[in-house]
Amino acid sequence: MKHYTSIQDIDNINSWIEEAKQIKANPLKNKDLGKNKTLGLLFFNSSLRTRLSTQKAALNLGMDPIVMNVSGDAWGIEFGDGTVMNGTTAEHIREAAAVVSQYCDVIAVRAFPSLTDKVKDESEQVLNAFKTYASVPVVNMESATGHPLQGLTDAITISENAKVKKPKVVLSWAPHVRALPHAVANSFTEAMQKMDVEFVIANPEGYDLSPEITKDTPIYHNQEEAFKDADFVYTKNWSSYKDYGQIKNTDPNWMITKGKIGDAKFMHCLPVRRNVVVEDAVLDTDSSLVIEQANNRTYAAQLVLKKLLEKL
Ligand code: CP
């Protein structure tokens, strides 16, 4: 593995999960692996968990993390080739990525989609430009279409909490006041498709994710039907994929309630809007795995960094 930019970079999810559990049991075991190695974390968008857990993972491996808020603090970066740069962008990605590669042994990037231009978002312009022009491994800290550190985290959390050999896992859309990306839902779907689980998706009409992602995963437009016998309910809002980036539904009946999920465990990547996406009565009980999930972000990132460091 040269880069970690997609769930599809995971060759064997079961062995990755087992290794992550070993890291979690002894997080400082490889504290010299990253000695004198630098992780650069470049944020084009906001973050709490990804920013802190990925730094924590680097520190556990003995790496030195350095962080930059690219959108606020760096020169405006141009990604188009052949552009006459007489507008707002001051530096081309060809130079920027090459320069950062001299300071960092691994580069991690967060760059959200526009949600206005499906073709451009699906081209993963920012992530792929770093992969092309950086001379060091690149880690996806959430791109236009994927959040593979989160997806790996979620797979680890389900494995840790499963009470039956093949649990039923439901990914459910829930309402939100803003148009949100598909990245978390996409990577969660890809991770579940690699695991030995019964996996279904519940979302309103007009909210089906990309068929390139869902493939043959069953999609229900009736949440109650989808939740029947669920062991895990993973909730996330996403904007319409068909009517790209639009909010077509705000029906509060899709909010997750204790009555709906019963004994199933509740999961969400966070941040979550209380009493819009999920009611307090779910988050404030043992039903919720969200804090445990956020903890596992460190070990998922540490596993990825370990694998990349071992190849340097
Ligand atoms: N789940 C997640 O990626 O959280 P942040 O946006 O806070 O990093």
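Since the model is a prediction, treat every value here as computed from it, not as a measurement. Ligands are counted one by one from 1 in listed order, and the atoms in each one are counted from 1 as well.
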Residues that Phe188 engages under ring pair (Phe, Tyr, Trp, His ring centres under 6.0 Å), provided they are two or more places apart
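Scan of Phe188 (ring pair (Phe, Tyr, Trp, His ring centres under 6.0 Å), adjacent residues dropped) gives Phe199, Tyr234.
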Just which atoms of ligand 1 are under 4.0 Å from any heavy atom in [X]?
| X | answer |
| --- | --- |
| Arg110 | 3 (O), 5 (P), 6 (O), 8 (O) |
| Cys269 | 1 (N) |
| His147 | 2 (C), 3 (O) |
| Leu48 | 5 (P), 7 (O), 8 (O) |
| Arg297 | 1 (N), 2 (C), 3 (O) |
| Leu270 | 1 (N), 2 (C), 4 (O) |

Distance-only donor-acceptor check, side chains [X] and [Y], under 3.5 Å:
| X | Y | value |
| --- | --- | --- |
| His147 | Asn186 | no |
| Thr189 | Lys215 | no |
| Lys24 | Asn296 | yes |
| Ser287 | Lys265 | no |

Give a yes or no answer on whether the side chain of Asn275 reaches the backbone of Asp280 with a donor-acceptor pair at less than 3.5 Å.
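It does hold such a pair.
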For the 3.5 Å polar cut-off, considering only N or O atoms, please tell me whether Ser46 and ligand 1 meet it.
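Between Ser46 and ligand 1 (N or O atoms, distance only) the closest approach is not under 3.5 Å.
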Does any N or O atom in Thr50 lie less than 3.5 angstrom from one in ligand 1, N or O only?
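Yes: some nitrogen or oxygen of Thr50 is under 3.5 Å from one in ligand 1.
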Who else is in Leu283's hydrophobic cluster (ILVMFWY, side-chain heavy atoms under 4.5 Å, direct or via others)?
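Cluster partners of Leu283: Val170, Val200, Tyr220, Phe227, Val233, Ile256, Ile261, Phe266, Leu270, Val272, Val277, Val278, Val282, Val290, Ile291.
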Please report which non-hydrogen protein atom sits nearest to atom 4 (O) of ligand 1, along with the residue it belongs to and the distance in Å to one decimal place.
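Going atom by atom, the protein heavy atom closest to atom 4 (O) of ligand 1 ends up being Arg49 NE, 2.9 Å.
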